[in-house]
Amino acid sequence: MDELQGTPPENCPEASAKASPAPAVAPSHPEPFLHSVFIGREGLRAGWRFAIYLAAFFALLLLMSFATKPFLHLKPHQTPPLWVFLIGELQSLVAAILPAFALARYEKRAFRTYGLPLQGAFGKQFWIGVIWGICAITALLSVMRGVGVFYFGGLALHGIRILKFAAFWGVFFLIVGLFEEFSTRGYTQFTLTRGMGFWPAALLLSTAFGAVHLANPGEAWAGALAAALIGLFWCLTLQRTGTLWFAVGMHASWDWGESFLYSVPDSGQVATGHLLSSSFHGSRWLTGGSVGPEGSVFVFVVIALLWVIFDRVYPPPKRQPDALAEGTSASAYHE
């Protein structure tokens with residue numbers, strides 16, 4: 001009787017489980033070397049997607065430049081009119097955005113994931129950024145005026161020309177802000193973050209952003225370093241706000257205030273149609289020399305203050321978003 005009680009019936013699931021043999025485990029085969037080089041757990045590895053984006057950007061830029069050149073009617077050694085520079089920046093913006101749209105379809109992500117959600121276009125964060133940019137360049141030049149190395153001067157424009165050039169440079173630097181922010185902190189930042197983490201990617205791209213400025217006439221290492229540091233600051237604004245709109249607004253208004261409103265060199269270049277006849281007098285390390293205020297020692301003080309103030313106004317969340325915990329940029333949680 002004890003034996004019968006201890007033995008489960010043949011049709012009992014327990015008996016079937018004991019009787020059935022363990023399923024065979026298929027032998028694991030290592031992935032081919034080339035497959036592992038190109039493909040990761042999320043598909044094509046981040047580094048290759050970054051390389052494809054850059055290749056597509058330069059190819060499109062070259063193609064558009066070649067296509068529009070016959071229509072510009074520029075003579076050799078002729079200084080191009082201002083609208084030619086505007087077209088050039090617009091081409092750069094298009095070349096930066098179109099590959100990201102194509103790669104977004106491949107990656108099955110919404111374009112807004114890369115930092116420019118249309119829902120927030122020119123909204124609250126953008127205008128807050130505009131205010132920060134104007135205040136920052138005003139503070140920098142006010143300090144330089146206070147120590148006697150900068151003078152605002154008088155008006156260099158009058159009448160309708162003030163409005164004309166103010167509007168032109170406003171549109172121009174808006175396009176510059178969109179292009180430079182998206183190309184260095186949009187798709188590129190998001191993609192490299194997937195491979196190496198947010199701040200390593202930010203450091204790499206901001207260093208490249210600063211180095212590119214060395215190609216500008218009159219630029220120097222101090223100005224390039226300042227550009228890299230302000231680029232890192234704009235990475236912080238991306239991480240804390242989740243979009244690039246704050247950085248776009250601040251970038252555009254900083255450049256507009258520097259080039260048009262206060263009429264000082266921007267990365268070594270003085271804009272045509274600037275508002276004031278401003279001037280610098282003093283040591284190069286105080287004035288920035290040919291670079292302009294971005295090469296002055298005071299710009300580093302302003303950048304440091306921007307970090308401190310922004311960190312107070314936009315503190316990090318108590319609980320880090322899952323997107324950041326996985327090593328992606330803050331814009332990822334807009335997916």
Side-chain angles (χ1 to χ4, degrees), residues 85 89 129-153 169-170 172-177 179-181 183-185 202-203 205-237 246-272 274-310:
F85 293 106
E89 291 296 334
V130 167
I131 294 170
W132 274 63
I134 286 292
C135 289
I137 188 63
T138 300
L140 173 59
L141 291 171
S142 296
V143 169
M144 297 175 73
R145 177 66 189 93
V147 298
V149 298
F150 172 69
Y151 298 89
F152 291 98
W169 289 119
F172 180 87
F173 287 120
L174 174 60
I175 295 172
V176 169
F179 161 59
E180 294 190 357
E181 290 308 310
S183 62
T184 57
R185 282 168 280 279
L203 183 61
L205 291 169
S206 297
T207 301
F209 178 67
V212 165
H213 281 70
L214 289 172
N216 295 332
E219 186 61 276
W221 69 266
L225 178 60
L229 292 176
I230 198 66
L232 270 178
F233 170 73
W234 284 326
C235 289
L236 175 68
T237 70
F246 180 102
V248 169
M250 183 177 174
H251 193 150
S253 65
W254 170 284
D255 284 353
W256 183 85
E258 192 173 28
S259 298
F260 172 75
L261 181 61
Y262 296 121
S263 311
V264 295
D266 178 2
S267 295
Q269 301 177 79
V270 178
T272 301
H274 50 264
L275 180 64
L276 303 176
S277 55
S278 55
S279 59
F280 293 94
H281 304 280
S283 302
R284 182 185 180 90
W285 66 279
L286 293 175
T287 65
S290 63
V291 178
E294 290 182 6
S296 168
V297 68
F298 294 117
V299 76
F300 300 104
V301 178
V302 170
I303 293 172
L305 288 174
L306 287 172
W307 274 82
V308 173
I309 297 171
F310 188 87

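- Atom-to-atom distance recorded for Glu181:CD and Phe246:CZ is 11.0 Å, nearest 0.5 angstrom.
- Rounding to the nearest 0.5 angstrom, the gap separating the OG1 atom in Thr207 from the CG atom in Leu232 is 7.0 Å.
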Acceptor/donor pairs from residues 275-283 side chains to any protein atom, 3.5 angstrom cut, sequence neighbours excluded:
residue	atom	partner	partner atom	Å
Ser277	OG	Gly154	N	3.1
Ser277	OG	Gly154	O	3.2
Ser278	OG	Tyr262	O	2.8
Ser278	OG	Ser263	O	2.9
Ser279	OG	His281	NE2	3.3

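- If you take SG on Cys235 and CZ on Arg185, they are separated by 5.0 Å, rounding to the nearest 0.5 Å.
- Within the 4.5 Å cutoff, the side chain of Phe150 has no heavy atoms near those of the Leu286 side chain.
- Nearest heavy atom pair, residue Gly177 against residue His251, reads CA-CG, 4.1 Å.
- With contacts defined as side-chain heavy-atom distances shorter than 4.5 Å, the pair Ser259/Phe173 qualifies.
- At least one donor-acceptor pair closer than 3.5 Å links the side chain of Ser253 to the backbone N or O of Met250.
- Partner of Pro293 under the side chain to side chain contact (heavy atoms under 4.5 Å, CB included) criterion, chosen from Val299, Leu141, Val302: Leu141.
- The line from CH2 of Trp307 to CD1 of Ile230 is 9.5 Å long, rounded to the nearest 0.5 Å.
- Nearest approach of Glu258 to Pro265, heavy atoms of both residues: OE2-O, 3.5 Å.
- Here the two rings, on Phe260 and Phe172, have centers that are 6.0 Å apart or farther.
- How far CD1 of Ile134 is from CD1 of Ile137: 8.5 Å, rounded to the nearest 0.5 Å.
- Of the possible donor and acceptor atoms, none in the side chain of Thr138 sits under 3.5 Å from a partner among the backbone N and O of Cys135.
- Here Arg145 contributes atom CZ and Leu140 contributes atom CG; the two are 14.5 Å apart, rounded to the nearest 0.5 Å.
- Note: Phe233 and Trp132 have parallel aromatic rings, judged against thresholds of 30 and 60 degrees for the angle between ring planes.
- Enclosure of atom CH2 in Trp285 is not indicated, since only 12 or fewer non-hydrogen atoms of other residues, nucleotides or ligands lie within 6.0 angstrom.
- By the 4.5 Å heavy-atom criterion applied to side chains, Glu294 and Trp254 are counted as neighbours.
- Considering every non-hydrogen atom in both Gly223 and Glu219, the closest pair reads CA-OE1, 3.3 Å.
- For the residue pair Ser206 and Gly231, the shortest heavy atom distance occurs at OG-C, 3.4 Å.
- Here the closest non-hydrogen pair linking Phe300 and Ala222 is CZ-O, 3.6 Å.
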